[in-house]
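Following: one structure in structure tokens, then a few remarks.
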Amino acid sequence: MPDPQLVLLRHGETEWSLTGQHTGTSDIPLTPHGEEQARGAGAFLAGREFALELRSPLLRARRTAELAGFPDAVADPNLAEWDYGPVEGRTADDVSRELGRDWLIFRDGVHVVGAQGAVGARPGETLDDVAERARAVVRRAEPVLRDGGDVLLVAHGHLLRVLAAVWLELGPAAAARFELGTASVSLLGHGHGLHTMEGWNLPTA
């Protein structure tokens, strides 16, 4: 039998993922193409059985899970996307122009501009806050993996990138180096006593 894997599925395309706007707590639906992507992810994962299926509570992840064939995935609030606070709804280019320098969220965080984001004021989370939620998800998954079952996580780009860094026992800022496309699948596992990355950003269509 193959070793158990932690399987990551990013949600399908949304209007804001197309424009590069940071989409944290905003409950943006999938585009029609995003729905097609979610179905493609389901075809990619067809035949796999999961001992535990978890998803973000946000609409775009819930709908992706449903269309991919996992309607019973359990909502876990720790899988919600990074709360971007004052940069919610803004693009990296927009924030960089305001700062007068290149802005990288994994280096600089979200507390770099005024309190008013494009969709209102929220305090937002630090990178360490997001990493702690990711660690909680890993702790929930690990007993299932140890028992030989695969685990599916349906969530968001930045959260899943941080979770991968946490899984690999790297600092969460290393997530900046892990690009992740919409509706892509990634595979985390074990090898030689180490947490490993067995597939990353795999296209499903």
Side-chain angles (χ1 to χ4, degrees), residues 1-14 24 27 30 34-82 125 129-170 172 174-175 178-205:
M1 294 291 291
D3 290 336
Q5 290 180 321
L6 188 58
V7 178
L8 315 182
L9 171 58
R10 186 186 172 192
H11 65 76
E13 177 191 270
T14 69
D27 226 1
L30 300 180
E35 294 189 346
E36 289 180 16
Q37 288 182 313
R39 293 186 186 97
F44 184 87
L45 293 171
R48 291 202 68 152
E49 294 186 3
F50 295 97
L52 178 63
E53 300 168 1
L54 301 175
R55 63 166 175 82
S56 161
L58 292 166
L59 171 63
R60 55 197 183 274
R62 175 174 61 79
R63 186 66 174 144
T64 296
E66 290 171 351
L67 292 172
F70 306 102
D72 297 325
V74 176
D76 184 334
N78 285 318
L79 283 172
E81 182 59 296
W82 192 334
E125 291 180 292
D129 292 334
V130 181
E132 188 51 42
R133 290 198 286 111
R135 291 186 189 98
V137 175
V138 169
R139 287 193 296 270
R140 184 173 183 180
E142 280 184 323
V144 180
L145 296 167
R146 283 196 298 268
D147 286 344
D150 288 343
V151 176
L152 175 68
L153 306 179
V154 184
H156 310 271
H158 281 171
L159 183 282
L160 290 175
R161 290 163 69 177
V162 172
L163 189 144
V166 165
W167 177 262
L168 296 172
E169 300 175 340
L170 303 173
F178 303 152
E179 291 291 343
L180 198 60
T182 51
S184 62
V185 167
S186 300
L187 309 172
L188 304 178
H190 302 83
H192 302 285
L194 300 172
H195 283 190
T196 59
M197 183 180 288
E198 300 180 350
W200 186 256
N201 199 27
L202 304 175
T204 59

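Side chains are part of it too, since the values below use all heavy atoms of this structure and drop only hydrogens, waters and symmetry mates. Nothing fancy with the numbering, it's 1 onward along the sequence.
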Output for pair (R140 CZ, N78 CG), nearest 0.5 Å, gives 8.5 Å

When every non-hydrogen atom of W82 is compared with those of E125, the smallest separation belongs to NE1-O, 2.9 Å

Between the CG atom in L30 and the CZ atom in R63, the distance rounded to the nearest 0.5 Å is 7.5 Å

The residue among E13, R60, Q37, R10 that forms side chain to side chain donor-acceptor pair (under 3.5 Å) with T182 is Q37

request  = Please confirm whether the backbone N or O of N201 pairs with a side-chain atom of S186, one donor and one acceptor, at under 3.5 Å?
outcome  = yes

Residues pairing under salt bridge (Lys or Arg N to Asp or Glu O under 4.0 Å) where one sits in residues 146-170, two or more places apart or in two chains, turn out to be R48-D150

Would you find a donor on one side and an acceptor on the other, under 3.5 Å apart, between the side chain of D27 and the backbone of L59?
yes

Practice prompt. Taking the side chain as every heavy atom from C-beta outward, state whether L8 and V185 have any pair of such atoms under 4.5 Å apart.
Written response: no

**Study point:** Backbone N/O of A80 and side chain of R133: donor-acceptor pair under 3.5 Å
**Key:** yes

L163 and A134 have their tightest heavy-atom pair at CA-CB, 3.7 Å

Exercise for review: Decide yes or no on side chain to side chain contact (heavy atoms under 4.5 Å, CB included) for R135 and V162, but give the supporting numbers first.
Suggested key: CA-CA 9 Å; R135 291 186 189 98; V162 172; over 6 Å; no

Could E36 and R39 be called an ion pair, given the rule that one side-chain N must be under 4.0 Å from one carboxylate O? no

Problem - Heavy-atom check, side chain of L188 versus side chain of M197, under 4.5 Å - result: yes

Here the gap from H195 atom NE2 to L168 atom CG, rounded to the nearest 0.5 Å, amounts to 9.0 Å

On a heavy-atom basis, the closest approach of A175 and A165 is N-CB, 4.1 Å

Ion pair present between R55 and E81, side-chain N to carboxylate O less than 4.0 angstrom? no

Q) Is any side-chain heavy atom of L58 less than 4.5 Å from a side-chain heavy atom of H156? A) yes

* Asked: Going by heavy atoms in the side chains, are L159 and V130 under 4.5 Å from each other?
  -> yes

In short, A155 meets S56 closest at the heavy-atom pair CA-CB, 4.3 Å

message: Quick check: do F44 and L202 have side-chain heavy atoms less than 4.5 Å from each other?
response: yes

For W167 and G189, indicate whether the former's side chain and the latter's backbone hold a donor-acceptor pair under 3.5 Å. yes

All heavy atoms of T64 vs all of G12, minimum pair found to be OG1-N, 3.1 Å

Full working for side chain to side chain contact (heavy atoms under 4.5 Å, CB included) between L45 and L152: CA-CA 10 Å; L45 293 171; L152 175 68; 4.3 Å; yes

(message) Quick one, L180 and L160 - any side-chain contact, counting heavy atoms below 4.5 Å?
(response) yes

In the structure I gave you, are the side-chain heavy atoms of F178 and L170 within less than 4.5 Å of one another anywhere?
yes

Minimal heavy-atom distance between G191 and T196, with the atoms involved, is N-CG2, 3.6 Å

request  = State, yes or no, whether a side-chain contact exists between L153 and L9 at a heavy-atom distance under 4.5 Å.
outcome  = no

Would you call the rings of F70 and F50 parallel, tilted or perpendicular, where under 30° means parallel and over 60° means perpendicular? perpendicular

